[in-house]
Amino acid sequence: MELLSALSLGELALSFSRVPLFPVFDLSYFIVSILYLKYEPGAVELSRRHPMASWLCAMLHCFGSYILADLLLGEPLIDYFSNNSSVLLASAIWYLIFFCPLDLFYKCVCFLPVKLIFVAMKEVVRVRKIAVGIHHAHHHYHHGWFVMIATGWVKGAGVALMSSFEQLLRGVWKPETNEILHMSFPTKASLYGAILFTLQQTRWLPVSKATLIFIFTMFMVSCKVFLTATHSHSSPLDVLEGYICPVLFGTTMGGDHHHDNHGGAHGGSHGGGGPSSLHSAMAAKSKEELSEGSRKKKTKKAD
């Protein structure tokens with residue numbers, strides 16, 4: 001703590017935590033969120049044929065985390081839409097990204113140096129939402145650790161967690177691609193961040209909330225900017241998980257079974273004498289015999 005005082009990190013973190021999000025940071029959040037919507041296959045065509053459905057998808061991308069958090073805490077799902085300024089700002093960004101003449105606005109915000117700035121500012125909003133969500137849940141459930149973690153998680157990654165429902169609005173149904181089965185880096189990081197902020201909120205982590213917000217924001221900004229700049233879909237957490245998951249959860253039986261099947265087929269192609277190759281040979285021989293018998297029957301009938 002003396003080192004933190006020497007570096008004046010406490011004062012810097014406190015000042016950083018008091019920076020207002022609206023309108024500049026929220027504007028960046030809306031821009032990046034709706035950009036990701038436009039990247040989805042068929043999103044542009046949907047905006048031309050069904051503008052209302054496209055607008056609803058854009059609102060889910062911008063406010064999905066608030067909707068999920070209200071659902072968990074038993075509050076009105078439409079409550080956040082009473083914030084007229086945010087809804088109008090998000091709607092204006094949606095219109096400019098999809099319908100601006102010559103795609104000028106889209107081309108400007110997609111310019112990589114500009115996009116990196118918006119991505120960094122979006123992560124500032126994400127971390128602040130996680131912290132606020134856990135603080136809000138703590139007022140309802142003082143000892144509900146799992147409730148606080150779940151609320152903070154959906155606050156940070158609610159858009160991704162609602163992806164299946166958002167796909168339905170676009171007429172797409174791919175349940176095998178849902179975020180729980182294939183977690184992206186922001187979803188995983190939001191979960192870990194929710195755990196950290198819950199520990200801080202319940203006094204198990206001896207650090208101030210402002211300092212934790214500052215440190216975790218710097219981590220998220222650095223990782224997300226690097227991944228965006230390098231066009232990488234990997235996660236910086238994969239290395240850590242590669243060491244921890246085999247120890248905690250072991251190897252999956254499904255992978256071994258798939259490997260065995262692949263090995264059997266591979267051995268058969270090389271003339272191996274295993275049971276798989278023998279069964280394949282017998283099956284092939286039976287098919288040949290059936291074909292030969294059918295051919296003979298047809299010949300006799302023709303005679």
Side-chain angles (χ1 to χ4, degrees), residues 1-22 25-26 28-29 63-75 80 119-161 179-180 183-226 235-241 243-245 248:
M1 298 303 293
E2 294 179 358
L3 179 60
L4 295 180
S5 301
L7 295 175
S8 300
L9 184 58
E11 290 80 1
L12 177 62
L14 186 60
S15 301
F16 179 77
S17 65
R18 291 176 176 173
V19 174
L21 298 180
F22 187 86
F25 287 91
D26 282 343
S28 302
Y29 184 89
F63 308 118
S65 56
Y66 299 100
I67 295 173
L68 272 184
D70 289 341
L71 179 64
L72 288 180
L73 298 177
E75 298 180 353
Y80 191 80
V119 167
M121 297 175 75
K122 179 181 179 179
E123 296 310 310
V124 175
V125 179
R126 188 196 304 276
V127 176
R128 195 80 64 87
K129 285 166 64 179
I130 295 173
V132 171
I134 289 172
H135 181 74
H136 189 191
H138 182 257
H139 279 287
H140 292 271
Y141 304 94
H142 294 287
H143 303 289
W145 283 37
F146 291 101
V147 176
M148 286 186 276
I149 291 173
T151 305
W153 187 29
V154 301
K155 276 279 192 175
V159 178
L161 295 173
E179 192 69 16
I180 301 297
M183 286 192 188
S184 60
F185 166 71
T187 303
K188 289 182 180 180
S190 296
L191 177 58
Y192 299 147
I195 295 173
L196 290 176
F197 279 101
T198 299
L199 293 175
Q200 189 281 327
Q201 185 71 45
T202 53
R203 310 287 184 181
W204 283 86
L205 190 63
V207 64
S208 68
K209 180 179 292 185
T211 302
L212 183 58
I213 288 175
F214 180 78
I215 294 174
F216 195 69
T217 300
M218 292 302 105
F219 167 75
M220 291 294 294
V221 168
S222 303
C223 293
K224 199 70 173 87
V225 168
F226 174 77
S235 170
L237 303 172
D238 289 343
V239 177
L240 181 62
E241 293 173 352
Y243 287 103
I244 295 178
C245 290
L248 295 178

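By convention here, the first residue in the shown sequence is residue 1.
Qualifying side-chain contact (heavy atoms from CB on, under 4.5 Å) partners for Asp70, counting only residues two or more places apart in sequence or in other chains: Glu75, Leu77, Asp79. Residues passing the salt bridge (Lys or Arg N to Asp or Glu O under 4.0 Å) test with Glu179, sequence neighbours excluded: none.
Of the candidates Ile130, Val132, Leu73, Leu73 is the only one forming a side chain to side chain contact (heavy atoms under 4.5 Å, CB included) with Thr151.
Under the 30°/60° scheme for interplanar angles, the aromatic rings of His135 and His139 are found to stand perpendicular. Tyr66 and Tyr80 have parallel rings, their planes meeting at less than 30° on a 0 to 90° scale where 60° marks the start of perpendicular.
To the nearest 0.5 Å, atom OG1 of residue Thr202 and atom NE2 of residue His143 are 10.5 Å apart. Put simply, CE on Met148 and CG on Leu199 are 9.5 Å apart, with the number rounded to the nearest 0.5 Å. Atom NZ of Lys155 sits about 10.5 Å away from atom CG of Leu72, to the nearest 0.5 Å. With rounding to the nearest 0.5 Å, the separation of CH2 in Trp145 from CD1 in Ile195 is 10.5 Å. Separation of atoms OH (Tyr29) and CZ (Phe22) is listed at 15.0 Å; rounding is to 0.5 Å. To the nearest 0.5 angstrom, Ser17 atom OG is 11.0 Å from Leu212 atom CG.
Residues Gly193 and Phe216 share a closest heavy-atom pair of CA-CZ, 3.5 Å.
Side chain of Trp153 to main chain of Thr187: a donor-acceptor pair is present (N/O by atom type, distance under 3.5 Å, no hydrogens or angles).
The salt bridge (Lys or Arg N to Asp or Glu O under 4.0 Å) analysis of residues 122-145, with sequence neighbours excluded, yields the pairs Glu123-Arg126.
Around CZ of Phe226, the count of heavy atoms belonging to other residues, nucleotides or ligands within 6.0 Å does not exceed 12.
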